[in-house]
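These notes are about the structure you will find just below.
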Amino acid sequence: AREFSTNVLEGVAAKPGGQDLQSLVAYLEDQPPGAVHWEDAEELHRFGGTYAPSLVPLFTHHTAMSGWLDEASPLSVTLERLNERLAHSPHRYPYYVPPDDPPEWDPATAVDELRLIGTRYLVTVSPQTTGVVLGLDGVDLLEQFGDLSLFDLGPASRVVPLGCSVGSPPQGTTLRMASSAWIRDYRPGDPWLVESSAKREIDDACPEGMPVQPVDAVEIGFQRISFQTRSVGVPHLVRISSFPNWSVTGGRGPYLAAPWFMIVIPDQETVTLKYGRTWVELMGWLITLAGVAGLVVRRRLFPRDVDHES
């Protein structure tokens, strides 16, 4: 991994804007932790294309909301539509956005959506988007490195208590189908969208009238998330991609929430999520090992039969 990271850095450094990019990454290392999103515009080619954002998690303590590291994430659909609104000239062919129905360029709305999904930092590369973001309330310009502008959108915890009011997708649609429109139309105070089974669980378990307290501490490590909360029994949104591999101790869940995040219901003040292998993966490994062992045994017991078949 270190050799790969070094090769990526050396390759990006050779680009026309490589020095500016390296300076930005070094500057980010000294900032408070937070997720970083890059404007995926045509100008990003000067800095190595989608490899540029991917330097953030490789060389800093921040996470990236864009770049090739996000392409296998279920959040890809949401992020692509968001970037179509953010980037003045999106440089990648949209995999998920219908070519005949692209979102309008609207950086102000895109910034609101970035805050909603827990993004703290924004890097812009086009002068058009940079100019709009400079004029937005609550957005601070931290530094500029050539054509790269680094903005602070404000603190954004990766774990947020939601309260008991949640919504579910319209009948006949899935959470994935409904998420993009829900994020676009979201207003502060709207119920968070969750899968139908999670809504039933929350409606049955959530203590009505219980005050919602901010999360005291969040720790994110390698394949592990833990937090302290005083709102036991209240659904908490974990703004990290949901996968079946996540398991929770100290609470119930995780349940699927828009756009592809997780919800847990704490049973105690300390909650921990761990990322591990599912029983399906383990069974697949066992079957594979059994098959290999069977071939070895057959080769040794019946060498002539095997040689004849080959």
Side-chain angles (χ1 to χ4, degrees), residues 31-36 57 60-65 73-75 78 114-121 152-168 175 179 182-183 186-279:
Q31 302 307 306
V36 185
T60 74
H61 56 275
H62 302 280
T63 55
M65 299 294 286
S73 166
L75 283 174
T78 297
L114 286 170
R115 286 179 171 137
L116 185 63
I117 63 175
T119 308
R120 175 157 190 175
Y121 300 103
D152 188 342
L153 308 183
S157 175
R158 304 306 291 269
V159 181
V160 182
L162 288 181
C164 296
S165 179
V166 295
S168 57
L175 186 67
S179 287
W182 174 81
I183 287 179
Y186 179 85
R187 296 294 179 269
D190 287 352
W192 201 276
L193 196 66
V194 302
E195 63 178 349
S196 299
S197 60
K199 177 171 172 52
R200 291 192 294 268
E201 182 79 17
I202 292 169
D203 290 344
D204 292 340
C206 198
E208 290 291 344
M210 181 176 180
V212 177
Q213 304 288 336
V215 173
D216 293 325
V218 179
E219 295 183 4
I220 300 178
F222 180 67
Q223 298 185 339
R224 184 178 183 275
I225 308 163
S226 64
F227 63 91
Q228 300 282 333
T229 181
R230 288 168 285 171
S231 300
V232 176
V234 173
H236 285 56
L237 178 70
V238 181
R239 293 192 282 199
I240 291 177
S241 286
S242 174
F243 284 93
N245 302 65
W246 287 105
S247 61
V248 60
T249 56
R252 283 162 286 169
Y255 307 105
L256 188 60
W260 207 262
F261 291 148
M262 296 179 284
I263 281 183
V264 298
I265 304 176
D267 291 329
Q268 58 189 46
E269 292 186 352
T270 301
V271 180
T272 301
L273 292 96
K274 293 183 179 179
Y275 189 92
R277 296 194 182 278
T278 64
W279 70 269

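For the numbers below, each heavy atom of this structure counts, side chains included, while hydrogens, waters and symmetry mates do not.
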Glu201 CD to Glu195 CD distance, which is reported to the nearest 0.5 Å: 10.5 Å
Residue pair Ile225, Trp246: steps toward the side chain to side chain contact (heavy atoms under 4.5 Å, CB included) verdict: CA-CA 10 Å; Ile225 308 163; Trp246 287 105; 3.6 Å; yes
Taking every non-hydrogen atom, the tightest pair across Gly163 and Val234: N-CG1, 3.4 Å
Spatial distance of atom CH2 (Trp182) from atom CG (Leu116) [nearest 0.5 Å]: 5.0 Å
Value rounded to 0.5 Å, distance of CZ in Arg158 from CD1 in Ile117: 9.0 Å
Donor-acceptor under 3.5 Å (Lys199 side chain, Val194 main chain): no
Heavy atoms of other groups near Gln268 CD, more than 12 under 6.0 Å: yes
Separation of Asp152 CG from Arg120 CZ (nearest 0.5 Å): 4.5 Å
Short side-chain to backbone donor-acceptor contact, Arg224 and Lys274, under 3.5 Å: no
Taking every non-hydrogen atom, the tightest pair across Phe261 and Ala258: CD1-O, 3.6 Å
Smallest separation among heavy atoms of Pro259 and Ile183, with atom names: CB-CD1, 3.7 Å
Least distance between heavy atoms, Ala198 atom then Tyr255 atom: CB-CB, 3.4 Å
Ile263 CD1 to Leu256 CG distance, which is reported to the nearest 0.5 Å: 9.0 Å
Exercise: identify the closest heavy-atom pair between Ile265 and Pro235: CG1-CA, 4.3 Å
Flag, side chain of Ser165 to backbone of Pro191, donor-acceptor distance under 3.5 Å: no
Between CD1 on residue Ile240 and CE on residue Met262, distance to nearest 0.5 Å: 6.0 Å
Side-chain donor/acceptor of Arg115 to backbone N/O of Leu153, under 3.5 Å: yes
Single hit among Val264, Val271, Val212, Leu162 for side chain to side chain contact (heavy atoms under 4.5 Å, CB included) with His236: Val264
Glu269 and Thr229 side chains, donor-acceptor separation under 3.5 Å: no
Exercise: identify the closest heavy-atom pair between Val215 and Pro161: CG2-CD, 3.7 Å
Student check: side-chain heavy atoms of Ser157 and Val218 closer than 4.5 Å: yes
Test item: Phe227 and Leu273 side chains (from C-beta on) under 4.5 Å apart, heavy atoms: yes
